[in-house]
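Report on one structure; see the data block that follows.
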Protein chains: 2
Amino acid sequence: MASDATDLRVLKTRAAIQSHFLGLLLQKNFNEITVKDIASAAKIGRGTFYLHYEDKYNLLETVVKEGLAETVGKFRPHEYFTDDKVVPTRIVGFALTIFQHFKKNDRFFRAMLFNEGIPMFRHRMQSLFLAKFRKEIQQVHLPPQKADPLMLEILPIFISSAMIGLVSWWFENQMRISDREMAERIFLIVTRGPLKALGLGFQDEPNKKSPHGM
Amino acid sequence: MASDATDLRVLKTRAAIQSHFLGLLLQKNFNEITVKDIASAAKIGRGTFYLHYEDKYNLLETVVKEGLAETVGKFRPHEYFTDDKVVPTRIVGFALTIFQHFKKNDRFFRAMLFNEGIPMFRHRMQSLFLAKFRKEIQQVHLPPQKADPLMLEILPIFISSAMIGLVSWWFENQMRISDREMAERIFLIVTRGPLKALGLGFQDEPNKKSPHGM
DNA sequence: ATGCTATTGAACACTGTGTTCATTAATTAT
DNA sequence: ATAATTAATGAACACAGTGTTCAATAGCAT
């Protein structure tokens, strides 16, 4: 293992490997990428690769870890401003930071999200989202005696899954919708509920009795 | 390619291959499974494997395709009964069929959902969900002039992603919550909205003005 | 300028792949 | 039941990719 991480040669080869690796991931599946491919793309000897990474899985792990570490903490609830007033909630601003962060790290997320062969990336990303949403929901959740514990467990999962689905869809569609529009629709769904957000009342509910039997 | 799909020998070996393949998937990652592993688990010659499948990816594809084909059409909205009355919506019943189908095909979904190395399974499953939810939402969506088109596009993605997230979580937790309880919570979230479902009103909304500027 | 160390490139053994072929065994058709 | 048909076997083969080693060379640091 080439260890001196300050040596210019080391920095240069590692940067070359990681950058060209991302480039290859944008072209073909991780499965189909060989160490030979990476080495020749980065214009280094194949043996040199093994001086820095155990194998291509270890390289992937490194890249993913660094990419996600950079993602952590970037999702920050903040106030959201329209032309003249502050929208009275953190929700829109929160969603906004998420979309902006993804747009900024386009190359990384595109390589990771749409490459058949990077199995657990979405799963790991979801852990990040989940942790954030749990905190966020617990902060908003002021009156603790009223809440249903199961609901408290389920809701962050529901929302984080939904958000990841939306972000992925947004990416697939070349981000043709503005991040602001997306955030605003999410605000509507979250505050009014999916059904009412569509623009219609919920017709099948004749009375206010709770239908669930607990 | 051994072609006669009615020959008993063919049926037997294919069944053995697929069954032991699923078994292996429950034990280790798809990446780490070799054709030799599959052949020896199924107690057949390695060459025989290649008489039926091009490679292990082709086998996976076959198994996934059959498994998902069986899944299609199983998600059927229907009425939902509590002890004495019919809950006035299809939603709970719809969610219920989903959870029940997953419980019934435990082995298959467990192998597919939690194996690092089956990249696009969740994605393909989501396509199924998405199609169903699109239909369902369009059916409920009676007054067509009122709806926001972007919302109409986003909502099925939001909900199908959320549902898959919940089902996966449910699986990971050994399905310790009853399918009925899950369906009922989902009903609450969908009809009342995530925030109100938690048991609290939405405090930060002082007036009824729509905060989004479109 | 000199010592240090990262890189090189070729060689090596190894594992897994996918194909072939003659032989054996099981199934189907008569 | 017997013959004809066809699937399964297992060994052999060439091939591609892996991960390691080693002496020689290049580049960096002080």
Side-chain angles (χ1 to χ4, degrees), chain A residues 1-64 66 115-119, chain B residues 1-64 66 115-119:
Chain A
M1 195 76 173
S3 35
D4 186 353
T6 65
D7 192 317
L8 286 189
R9 292 170 292 181
V10 172
L11 295 179
K12 208 184 60 184
T13 47
R14 285 191 187 165
I17 289 175
Q18 296 204 10
S19 166
H20 287 97
F21 177 54
L22 258 198
L24 286 171
L25 281 176
L26 290 167
Q27 290 170 26
K28 50 173 153 175
N29 291 344
F30 177 71
N31 298 327
E32 302 163 359
I33 297 174
T34 68
V35 173
K36 193 181 166 189
D37 290 337
I38 300 169
S40 63
K43 283 175 279 286
I44 60 166
R46 196 170 63 86
T48 308
F49 176 92
Y50 291 105
L51 293 174
H52 298 278
Y53 304 98
E54 292 175 25
D55 47 35
K56 67 173 186 168
Y57 299 95
N58 178 240
L59 169 60
L60 176 64
E61 175 61 24
T62 305
V63 171
V64 168
E66 286 178 12
N115 193 297
E116 302 195 19
I118 307 188
Chain B
M1 193 82 168
S3 34
D4 185 354
T6 63
D7 192 316
L8 287 189
R9 291 169 292 181
V10 173
L11 295 178
K12 207 184 61 183
T13 46
R14 284 192 188 164
I17 289 176
Q18 296 204 10
S19 166
H20 286 96
F21 177 54
L22 259 197
L24 285 171
L25 281 175
L26 291 167
Q27 290 170 24
K28 51 172 152 175
N29 290 345
F30 177 70
N31 297 326
E32 303 163 357
I33 297 174
T34 68
V35 174
K36 193 181 165 191
D37 290 337
I38 301 169
S40 64
K43 284 175 277 288
I44 60 165
R46 195 169 63 86
T48 307
F49 177 91
Y50 291 105
L51 292 175
H52 298 278
Y53 305 96
E54 292 175 25
D55 48 34
K56 68 175 187 169
Y57 300 95
N58 178 242
L59 168 60
L60 176 64
E61 175 62 24
T62 305
V63 171
V64 168
E66 287 178 11
N115 193 297
E116 301 195 21
I118 305 187

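Every chain is numbered from 1, with letters handed out A, B, ... down the list of sequences.
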If you look at every strand shown and take non-hydrogen atoms under 4.0 Å, does G47(A) touch a base, only sugar-phosphate, or nothing?
nothing
Please report the shortest heavy-atom distance between T13(B) and H52(B), naming the atom on each side.
OG1-NE2, 3.4 Å
In whole angstroms, how far is the C1' atom of dT5(C) from the CZ atom of R14(A)?
13 Å
If I take atom CD1 in residue I44(A) and atom P in nucleotide dG9(C), what distance separates them, rounded to the nearest angstrom?
11 Å
Figure out the NZ/P separation between K56(B) and dT15(C), and round it to whole Å.
17 Å
Using a 4.0 Å heavy-atom cut-off across all strands, classify T34(A) as base, sugar-phosphate, or nothing.
sugar-phosphate
Any chance NZ of K36(B) has more than 12 other-residue heavy atoms, nucleotides or ligands included, within less than 6.0 Å?
no
What nucleotide, of dA8(D), dT8(C), dA29(D), holds the atom closest to the side chain of L51(B)?
dA8(D)
Check whether any side-chain nitrogen or oxygen of Y50(B) sits under 4.0 Å from OP1 or OP2 of dG18(C), and answer yes or no.
yes
For atom CD of E32(B) and atom C1' of dG16(C), their distance in whole Å
14 Å
Between L8(A) (CG) and dA26(D) (P), how many Å, whole number?
19 Å
If each of T48(A) and K12(B) is mapped to the nucleotide of DNA chain C with the nearest heavy atom, which maps nearer the 5' terminus, i.e. the 5' end?
T48(A)
Indicate, yes or no, whether a donor-acceptor pair under 3.5 Å links the base of dA8(D) to the side chain of R9(B).
no
Consider side chain to side chain donor-acceptor pair (under 3.5 Å). Of R14(B), E61(B), Q18(B), which one does Y53(B) pass it with?
Q18(B)
Nearest whole Å is fine: how far is dT8(C) C1' from K43(A) NZ?
16 Å
Assuming nearest nucleotide by heavy-atom distance, tell me which of K36(B) and T13(A) is located more 5' along DNA chain C.
T13(A)
Name the residue from I38(B), N115(B), T34(B), N29(B) that meets the side chain to side chain contact (heavy atoms under 4.5 Å, CB included) definition with L24(B).
I38(B)
Kindly check if the number of other-residue, nucleotide or ligand heavy atoms within 6.0 Å of NZ (K12(A)) is above 12?
no
Starting from P on dT17(C), measure out to CG on N58(B) and report it in whole angstrom.
14 Å
Side-chain contact check for V35(A): nearest option of dT18(D), dT28(C), dA6(C) is dT18(D)
Of dA6(C), dG17(D), dT20(D), the nucleotide closest to the side chain of R46(A) is dT20(D)
Which nucleotide, dT17(C), dA7(D), dA8(D), lies nearest any side-chain atom of H52(B)?
dA8(D)
Nearest-Å distance for atom pair CG/P, residues D55(B) and dT17(C):
9 Å
